Amino acid sequence: MSMPEDERDELRRKFEQYSRSRDSELRDQLVTAHLGLAEYLARRFANRGEPLDDLIQVASVGLLKAVDRFDPDRGLEFSTYATPTIVGELKRHFRDKGWAVRVPRRVQELHLRLGKVVSSLSQDLGRSPTIGEIAERAGASEEEVLEAMEAGRAYRFASLDAPGVAGDDDNQSLASQLGEDDALLQSIEHRVALSPLIAELPRREQIILHLRFFEGLTQSEIAGRLGISQMHVSRLLARSLAKLRGSADED
Amino acid sequence: MGKDSEVRLSIPASPEFLRLARLAAAGLASRMGFTYDEVEDLRIAIDELCFSLVGNAGRPGTIVLRYWMEDDALVVEGVGQFEDGMGTSPVLSPLSQQILQAVVDEHELTIGPDGPEFRLLKRHDAA
(Lines give C-alpha, C1' and ligand atoms only; values in the text may rest on other atoms or scores of the structure.)
Protein backbone atom coordinates (compact mmCIF):
# COMPACT_ATOMS: atom_id res chain seq x y z
CA MET A 1 0.00 0.00 0.00
CA SER A 2 2.47 2.57 -1.07
CA MET A 3 1.41 6.09 -1.85
CA PRO A 4 3.25 9.18 -2.95
CA GLU A 5 5.24 10.99 -0.28
CA ASP A 6 3.22 14.20 -0.39
CA GLU A 7 -0.05 12.33 -0.08
CA ARG A 8 1.31 10.49 2.90
CA ASP A 9 2.33 13.76 4.55
CA GLU A 10 -1.11 15.14 3.89
CA LEU A 11 -2.71 12.13 5.57
CA ARG A 12 -0.36 12.37 8.52
CA ARG A 13 -1.42 15.97 9.01
CA LYS A 14 -5.05 14.93 8.83
CA PHE A 15 -4.51 12.22 11.41
CA GLU A 16 -2.90 14.70 13.76
CA GLN A 17 -5.76 17.09 13.22
CA TYR A 18 -8.31 14.35 13.69
CA SER A 19 -6.77 13.04 16.89
CA ARG A 20 -7.42 16.49 18.37
CA SER A 21 -10.65 17.60 16.72
CA ARG A 22 -12.50 14.27 16.18
CA ASP A 23 -14.13 15.99 13.26
CA SER A 24 -16.42 13.57 11.47
CA GLU A 25 -15.67 14.94 8.02
CA LEU A 26 -11.96 14.37 8.56
CA ARG A 27 -12.76 10.90 9.76
CA ASP A 28 -14.61 10.17 6.54
CA GLN A 29 -11.68 11.37 4.51
CA LEU A 30 -9.23 9.23 6.46
CA VAL A 31 -11.41 6.15 6.16
CA THR A 32 -11.95 6.68 2.46
CA ALA A 33 -8.25 7.14 1.85
CA HIS A 34 -7.56 3.71 3.35
CA LEU A 35 -10.45 1.70 1.93
CA GLY A 36 -7.95 0.08 -0.41
CA LEU A 37 -6.18 -1.44 2.58
CA ALA A 38 -9.47 -2.79 3.97
CA GLU A 39 -10.36 -4.31 0.62
CA TYR A 40 -6.89 -5.76 0.18
CA LEU A 41 -7.11 -7.51 3.55
CA ALA A 42 -10.70 -8.62 2.96
CA ARG A 43 -9.60 -10.34 -0.23
CA ARG A 44 -7.16 -12.43 1.72
CA PHE A 45 -10.12 -13.91 3.56
CA ALA A 46 -12.13 -14.57 0.43
CA ASN A 47 -12.86 -18.13 -0.74
CA ARG A 48 -14.01 -19.21 2.67
CA GLY A 49 -17.64 -19.21 1.74
CA GLU A 50 -18.39 -15.58 2.56
CA PRO A 51 -19.29 -13.04 -0.12
CA LEU A 52 -16.46 -10.59 -0.69
CA ASP A 53 -18.81 -7.62 -0.23
CA ASP A 54 -19.60 -8.75 3.30
CA LEU A 55 -15.92 -9.16 4.06
CA ILE A 56 -15.10 -5.70 2.76
CA GLN A 57 -17.80 -4.32 4.99
CA VAL A 58 -16.38 -6.12 8.01
CA ALA A 59 -12.88 -4.93 7.13
CA SER A 60 -14.21 -1.39 6.85
CA VAL A 61 -15.57 -1.60 10.38
CA GLY A 62 -12.06 -2.62 11.46
CA LEU A 63 -10.67 0.30 9.52
CA LEU A 64 -13.04 2.70 11.28
CA LYS A 65 -11.92 1.43 14.65
CA ALA A 66 -8.29 1.77 13.62
CA VAL A 67 -8.81 5.37 12.47
CA ASP A 68 -10.44 6.20 15.79
CA ARG A 69 -7.75 4.59 17.90
CA PHE A 70 -4.68 5.56 15.91
CA ASP A 71 -2.27 7.81 17.77
CA PRO A 72 -0.09 9.59 15.20
CA ASP A 73 2.31 10.78 17.92
CA ARG A 74 3.62 7.27 18.37
CA GLY A 75 5.41 7.52 15.04
CA LEU A 76 3.89 4.34 13.63
CA GLU A 77 2.67 4.19 10.03
CA PHE A 78 -1.13 4.03 9.97
CA SER A 79 -1.16 0.93 7.76
CA THR A 80 1.15 -0.85 10.20
CA TYR A 81 -1.20 0.03 13.01
CA ALA A 82 -4.43 -0.69 11.16
CA THR A 83 -3.57 -4.07 9.63
CA PRO A 84 -3.80 -6.15 12.81
CA THR A 85 -6.98 -4.30 13.82
CA ILE A 86 -8.66 -5.04 10.51
CA VAL A 87 -7.44 -8.64 10.40
CA GLY A 88 -8.71 -9.05 13.96
CA GLU A 89 -12.12 -7.83 12.90
CA LEU A 90 -12.21 -10.28 9.98
CA LYS A 91 -11.12 -13.19 12.15
CA ARG A 92 -13.71 -12.35 14.76
CA HIS A 93 -16.33 -12.23 12.02
CA PHE A 94 -15.52 -15.79 10.99
CA ARG A 95 -15.36 -16.94 14.56
CA ASP A 96 -18.69 -15.34 15.51
CA LYS A 97 -20.39 -16.74 12.48
CA GLY A 98 -19.56 -20.31 13.30
CA TRP A 99 -16.98 -20.86 10.61
CA ALA A 100 -14.36 -21.44 13.29
CA VAL A 101 -14.76 -25.09 12.45
CA ARG A 102 -13.71 -25.15 8.84
CA VAL A 103 -16.31 -26.72 6.64
CA PRO A 104 -14.67 -29.34 4.45
CA ARG A 105 -15.12 -28.87 0.72
CA ARG A 106 -16.96 -32.17 0.37
CA VAL A 107 -19.54 -31.01 2.90
CA GLN A 108 -19.83 -27.61 1.24
CA GLU A 109 -20.52 -29.28 -2.09
CA LEU A 110 -23.03 -31.59 -0.49
CA HIS A 111 -24.74 -28.58 1.05
CA LEU A 112 -25.18 -27.08 -2.40
CA ARG A 113 -26.75 -30.31 -3.71
CA LEU A 114 -28.89 -30.93 -0.64
CA GLY A 115 -31.81 -28.76 -1.71
CA LYS A 116 -32.38 -30.67 -4.93
CA VAL A 117 -31.97 -34.03 -3.26
CA VAL A 118 -34.47 -33.18 -0.52
CA SER A 119 -37.11 -31.85 -2.88
CA SER A 120 -36.85 -34.70 -5.38
CA LEU A 121 -37.01 -37.26 -2.56
CA SER A 122 -39.97 -35.49 -0.96
CA GLN A 123 -41.75 -35.69 -4.27
CA ASP A 124 -40.95 -39.38 -4.76
CA LEU A 125 -41.92 -40.35 -1.23
CA GLY A 126 -44.82 -37.97 -0.72
CA ARG A 127 -43.38 -36.99 2.67
CA SER A 128 -40.30 -35.47 4.21
CA PRO A 129 -37.38 -37.89 3.74
CA THR A 130 -35.34 -39.24 6.63
CA ILE A 131 -31.69 -38.28 6.95
CA GLY A 132 -30.79 -41.86 6.03
CA GLU A 133 -32.78 -41.63 2.81
CA ILE A 134 -31.15 -38.33 1.92
CA ALA A 135 -27.71 -39.80 2.58
CA GLU A 136 -28.42 -42.78 0.37
CA ARG A 137 -29.70 -40.70 -2.51
CA ALA A 138 -26.80 -38.25 -2.19
CA GLY A 139 -24.19 -41.00 -1.91
CA ALA A 140 -22.94 -39.59 1.38
CA SER A 141 -22.93 -40.64 5.02
CA GLU A 142 -25.61 -39.47 7.45
CA GLU A 143 -22.96 -37.49 9.31
CA GLU A 144 -22.07 -35.68 6.13
CA VAL A 145 -25.72 -34.80 5.51
CA LEU A 146 -26.08 -33.42 9.04
CA GLU A 147 -22.86 -31.46 8.65
CA ALA A 148 -24.12 -30.11 5.37
CA MET A 149 -27.36 -28.94 7.00
CA GLU A 150 -25.26 -27.18 9.64
CA ALA A 151 -22.97 -25.72 7.02
CA GLY A 152 -26.00 -24.09 5.49
CA ARG A 153 -26.94 -22.60 8.81
CA ALA A 154 -23.50 -21.19 9.54
CA TYR A 155 -23.54 -19.54 6.18
CA ARG A 156 -27.08 -18.28 6.58
CA PHE A 157 -26.28 -16.48 9.79
CA ALA A 158 -23.18 -15.11 8.20
CA SER A 159 -25.11 -13.40 5.46
CA LEU A 160 -27.72 -11.97 7.78
CA ASP A 161 -26.61 -8.40 7.40
CA ALA A 162 -26.06 -8.68 3.71
CA PRO A 163 -28.79 -7.34 1.49
CA GLY A 164 -31.04 -10.25 0.57
CA VAL A 165 -29.71 -13.17 -1.38
CA ALA A 166 -30.48 -12.93 -5.08
CA GLY A 167 -34.13 -13.72 -5.67
CA ASP A 168 -35.03 -13.12 -2.04
CA ASP A 169 -36.53 -9.73 -2.41
CA ASP A 170 -39.51 -10.42 -4.63
CA ASN A 171 -41.92 -10.23 -1.73
CA GLN A 172 -44.64 -9.00 -4.02
CA SER A 173 -44.65 -11.98 -6.28
CA LEU A 174 -44.71 -14.32 -3.32
CA ALA A 175 -47.68 -12.61 -1.75
CA SER A 176 -49.47 -12.77 -5.06
CA GLN A 177 -48.91 -16.52 -5.22
CA LEU A 178 -51.07 -16.87 -2.15
CA GLY A 179 -54.75 -17.15 -2.90
CA GLU A 180 -56.02 -16.11 0.51
CA ASP A 181 -53.72 -13.15 0.59
CA ASP A 182 -55.88 -10.78 2.59
CA ALA A 183 -57.08 -13.10 5.31
CA LEU A 184 -53.58 -14.42 5.77
CA LEU A 185 -51.96 -11.05 6.01
CA GLN A 186 -54.60 -9.86 8.38
CA SER A 187 -53.94 -12.68 10.79
CA ILE A 188 -50.24 -11.98 10.50
CA GLU A 189 -51.00 -8.51 11.73
CA HIS A 190 -52.55 -10.01 14.83
CA ARG A 191 -49.39 -11.97 15.44
CA VAL A 192 -47.37 -8.83 15.22
CA ALA A 193 -48.69 -8.03 18.66
CA LEU A 194 -46.51 -10.90 19.89
CA SER A 195 -43.46 -9.18 18.60
CA PRO A 196 -43.46 -5.84 16.80
CA LEU A 197 -40.20 -6.99 15.23
CA ILE A 198 -42.16 -9.35 13.02
CA ALA A 199 -43.51 -6.32 11.20
CA GLU A 200 -39.99 -5.35 10.24
CA LEU A 201 -39.31 -8.63 8.47
CA PRO A 202 -39.71 -8.78 4.71
CA ARG A 203 -43.26 -9.77 3.77
CA ARG A 204 -42.11 -13.13 2.44
CA GLU A 205 -40.47 -14.03 5.73
CA GLN A 206 -43.57 -12.93 7.66
CA ILE A 207 -45.69 -15.27 5.61
CA ILE A 208 -43.38 -18.23 6.10
CA LEU A 209 -43.10 -17.52 9.82
CA HIS A 210 -46.86 -17.38 10.03
CA LEU A 211 -47.47 -20.58 8.08
CA ARG A 212 -44.87 -22.49 10.05
CA PHE A 213 -45.44 -21.32 13.60
CA PHE A 214 -49.04 -20.18 13.63
CA GLU A 215 -50.69 -22.38 11.02
CA GLY A 216 -48.52 -25.36 11.88
CA LEU A 217 -47.56 -26.24 8.32
CA THR A 218 -44.35 -28.24 7.91
CA GLN A 219 -41.44 -26.85 5.95
CA SER A 220 -42.23 -29.19 3.05
CA GLU A 221 -45.86 -28.09 3.02
CA ILE A 222 -44.85 -24.44 2.96
CA ALA A 223 -42.38 -25.17 0.19
CA GLY A 224 -45.13 -26.84 -1.84
CA ARG A 225 -47.62 -24.09 -1.18
CA LEU A 226 -45.29 -21.25 -2.09
CA GLY A 227 -43.57 -23.10 -4.90
CA ILE A 228 -40.08 -22.65 -3.48
CA SER A 229 -37.60 -25.26 -2.33
CA GLN A 230 -37.65 -26.70 1.15
CA MET A 231 -34.07 -25.56 1.66
CA HIS A 232 -35.17 -22.07 0.82
CA VAL A 233 -37.95 -22.22 3.40
CA SER A 234 -35.48 -23.51 5.95
CA ARG A 235 -33.02 -20.77 5.09
CA LEU A 236 -35.60 -18.00 5.32
CA LEU A 237 -36.99 -19.33 8.61
CA ALA A 238 -33.56 -19.51 10.18
CA ARG A 239 -32.87 -16.01 8.97
CA SER A 240 -36.11 -14.60 10.36
CA LEU A 241 -35.51 -16.18 13.73
CA ALA A 242 -31.97 -14.87 13.88
CA LYS A 243 -33.23 -11.42 12.99
CA LEU A 244 -35.94 -11.52 15.64
CA ARG A 245 -33.35 -12.59 18.19
CA GLY A 246 -30.73 -10.16 17.03
CA SER A 247 -32.97 -7.15 17.18
CA ALA A 248 -34.63 -8.32 20.36
CA ASP A 249 -31.42 -7.86 22.29
CA GLU A 250 -30.84 -4.36 21.14
CA ASP A 251 -33.58 -2.76 23.18
CA MET B 1 -33.66 -47.54 24.64
CA GLY B 2 -33.85 -45.09 27.52
CA LYS B 3 -31.38 -43.33 29.70
CA ASP B 4 -28.80 -46.02 28.93
CA SER B 5 -28.40 -44.33 25.59
CA GLU B 6 -27.87 -40.95 27.16
CA VAL B 7 -25.48 -38.52 25.51
CA ARG B 8 -23.93 -35.66 27.47
CA LEU B 9 -22.38 -32.57 26.04
CA SER B 10 -20.86 -29.62 27.82
CA ILE B 11 -20.22 -26.49 25.77
CA PRO B 12 -19.20 -22.91 26.50
CA ALA B 13 -22.32 -20.77 26.86
CA SER B 14 -21.71 -18.88 23.69
CA PRO B 15 -23.60 -18.83 20.35
CA GLU B 16 -20.74 -20.16 18.23
CA PHE B 17 -20.82 -23.46 20.12
CA LEU B 18 -24.52 -24.03 19.61
CA ARG B 19 -23.83 -25.85 16.35
CA LEU B 20 -22.43 -28.68 18.45
CA ALA B 21 -25.62 -28.81 20.50
CA ARG B 22 -27.66 -28.91 17.28
CA LEU B 23 -25.41 -31.49 15.65
CA ALA B 24 -25.65 -33.85 18.60
CA ALA B 25 -29.44 -33.59 18.56
CA ALA B 26 -29.58 -34.02 14.81
CA GLY B 27 -27.26 -37.03 15.00
CA LEU B 28 -29.45 -38.79 17.54
CA ALA B 29 -32.64 -37.85 15.74
CA SER B 30 -31.21 -39.22 12.53
CA ARG B 31 -30.42 -42.51 14.28
CA MET B 32 -34.06 -42.65 15.34
CA GLY B 33 -35.26 -42.17 11.77
CA PHE B 34 -36.50 -38.59 12.16
CA THR B 35 -37.31 -36.87 8.88
CA TYR B 36 -35.58 -33.84 7.47
CA ASP B 37 -38.47 -31.63 8.61
CA GLU B 38 -38.35 -33.04 12.11
CA VAL B 39 -34.61 -32.55 12.35
CA GLU B 40 -34.99 -28.95 11.21
CA ASP B 41 -37.65 -28.39 13.87
CA LEU B 42 -35.43 -29.86 16.52
CA ARG B 43 -32.60 -27.57 15.57
CA ILE B 44 -34.85 -24.53 15.73
CA ALA B 45 -36.05 -25.57 19.19
CA ILE B 46 -32.53 -26.10 20.51
CA ASP B 47 -31.50 -22.69 19.23
CA GLU B 48 -34.54 -21.03 20.72
CA LEU B 49 -34.06 -22.57 24.16
CA CYS B 50 -30.28 -22.19 24.28
CA PHE B 51 -30.52 -18.55 23.26
CA SER B 52 -33.07 -18.04 26.01
CA LEU B 53 -30.45 -19.34 28.47
CA VAL B 54 -27.42 -17.47 27.25
CA GLY B 55 -28.79 -14.45 25.39
CA ASN B 56 -27.60 -13.27 22.04
CA ALA B 57 -24.05 -12.56 23.07
CA GLY B 58 -23.39 -15.53 25.32
CA ARG B 59 -22.47 -15.59 29.01
CA PRO B 60 -19.40 -16.73 30.90
CA GLY B 61 -20.02 -20.34 31.86
CA THR B 62 -21.20 -23.53 30.28
CA ILE B 63 -24.35 -25.25 29.09
CA VAL B 64 -24.55 -28.91 29.96
CA LEU B 65 -26.82 -30.79 27.60
CA ARG B 66 -28.22 -34.28 28.00
CA TYR B 67 -29.94 -36.15 25.22
CA TRP B 68 -31.77 -39.40 25.41
CA MET B 69 -34.44 -41.39 23.64
CA GLU B 70 -37.83 -42.20 25.11
CA ASP B 71 -39.79 -44.60 22.96
CA ASP B 72 -40.39 -42.68 19.75
CA ALA B 73 -39.23 -39.35 21.21
CA LEU B 74 -35.97 -37.53 21.69
CA VAL B 75 -35.60 -35.62 24.94
CA VAL B 76 -33.07 -32.84 25.42
CA GLU B 77 -32.28 -31.15 28.70
CA GLY B 78 -29.94 -28.22 29.06
CA VAL B 79 -28.65 -26.57 32.21
CA GLY B 80 -26.88 -23.24 32.19
CA GLN B 81 -24.06 -22.96 34.70
CA PHE B 82 -22.99 -19.36 34.66
CA GLU B 83 -20.18 -17.50 36.38
CA ASP B 84 -22.12 -14.26 36.44
CA GLY B 85 -24.65 -15.62 38.92
CA MET B 86 -28.11 -17.06 38.54
CA GLY B 87 -29.68 -13.87 37.35
CA THR B 88 -33.42 -13.61 37.16
CA SER B 89 -35.63 -16.50 36.23
CA PRO B 90 -35.55 -17.06 32.51
CA VAL B 91 -38.71 -16.14 30.66
CA LEU B 92 -39.71 -17.18 27.18
CA SER B 93 -41.15 -14.40 25.07
CA PRO B 94 -44.65 -15.06 23.72
CA LEU B 95 -43.09 -15.42 20.30
CA SER B 96 -40.58 -18.02 21.53
CA GLN B 97 -43.47 -19.88 23.17
CA GLN B 98 -45.36 -19.90 19.91
CA ILE B 99 -42.34 -21.06 17.95
CA LEU B 100 -41.58 -23.86 20.40
CA GLN B 101 -45.17 -25.03 20.44
CA ALA B 102 -45.03 -25.36 16.70
CA VAL B 103 -41.76 -27.28 16.48
CA VAL B 104 -41.64 -29.61 19.50
CA ASP B 105 -44.20 -31.63 21.44
CA GLU B 106 -43.16 -30.48 24.91
CA HIS B 107 -40.95 -27.74 26.21
CA GLU B 108 -40.28 -25.97 29.48
CA LEU B 109 -37.87 -23.43 30.84
CA THR B 110 -37.38 -23.36 34.59
CA ILE B 111 -34.90 -22.34 37.23
CA GLY B 112 -33.10 -25.35 38.74
CA PRO B 113 -30.59 -25.76 41.58
CA ASP B 114 -27.58 -25.12 39.28
CA GLY B 115 -29.11 -22.44 37.10
CA PRO B 116 -31.75 -21.96 34.47
CA GLU B 117 -32.64 -25.14 32.65
CA PHE B 118 -34.78 -26.29 29.78
CA ARG B 119 -36.29 -29.52 28.63
CA LEU B 120 -37.77 -30.40 25.29
CA LEU B 121 -39.36 -33.49 23.85
CA LYS B 122 -39.78 -34.12 20.15
CA ARG B 123 -41.71 -37.14 18.89
CA HIS B 124 -40.94 -38.89 15.69
CA ASP B 125 -44.13 -39.42 13.73
CA ALA B 126 -43.64 -42.83 12.22
CA ALA B 127 -45.20 -42.52 8.79
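Predicted model only: the values in this text are computed from it and were never measured.
Looking only at side-chain heavy atoms (C-beta outward), B:Arg19 and A:Glu147 come within less than 4.5 Å of each other. At least one side-chain heavy atom of B:Val39 sits under 4.5 Å from a side-chain heavy atom of A:Ile131. The shortest distance between side-chain heavy atoms of B:Glu40 and A:Met149 falls below 4.5 Å. Between B:Tyr36 and A:Met231, some side-chain heavy-atom pair lies under the 4.5 Å cut-off.
A pairwise comparison of heavy atoms in A:Phe213 and B:Val103 identifies CE2-CG1, 3.6 Å as the closest pair. A pairwise comparison of heavy atoms in B:Ser30 and A:Leu146 identifies CB-CD1, 4.1 Å as the closest pair.
Chosen from B:Gln97, B:Glu48, B:Gln101, the residue pairing most often with chain A at heavy-atom distances under 4.5 Å is B:Glu48.
At a 4.5 Å heavy-atom cutoff, the contact between B:Phe34 and chain A is made by backbone atoms alone.
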Next item on the list: Assess whether side-chain contact (heavy atoms from CB on, under 4.5 Å) is satisfied between B:Ile44 and A:Leu241, documenting all intermediate values.
Entry: CA-CA 9 Å; B:Ile44 288 176; A:Leu241 293 179; 3.6 Å; yes
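Comment: A:Arg212 engages B:Asp41 in a salt bridge, judged by a side-chain N to carboxylate O separation of less than 4.0 angstrom. A salt bridge is absent between A:Glu142 and B:Arg31: the closest approach of a Lys/Arg side-chain nitrogen to an acidic carboxylate oxygen does not fall below 4.0 angstrom.
Annotation for A:Glu136: atom CD does not count as buried by contact number, only 12 or fewer foreign heavy atoms lying within 6.0 Å.
To the nearest 0.5 angstrom, B:Thr35 atom OG1 is 12.0 Å from A:Leu121 atom CG. From A:Glu150, atom CD reaches atom CG of B:Leu23 across 4.5 Å, with rounding to the nearest 0.5 Å.
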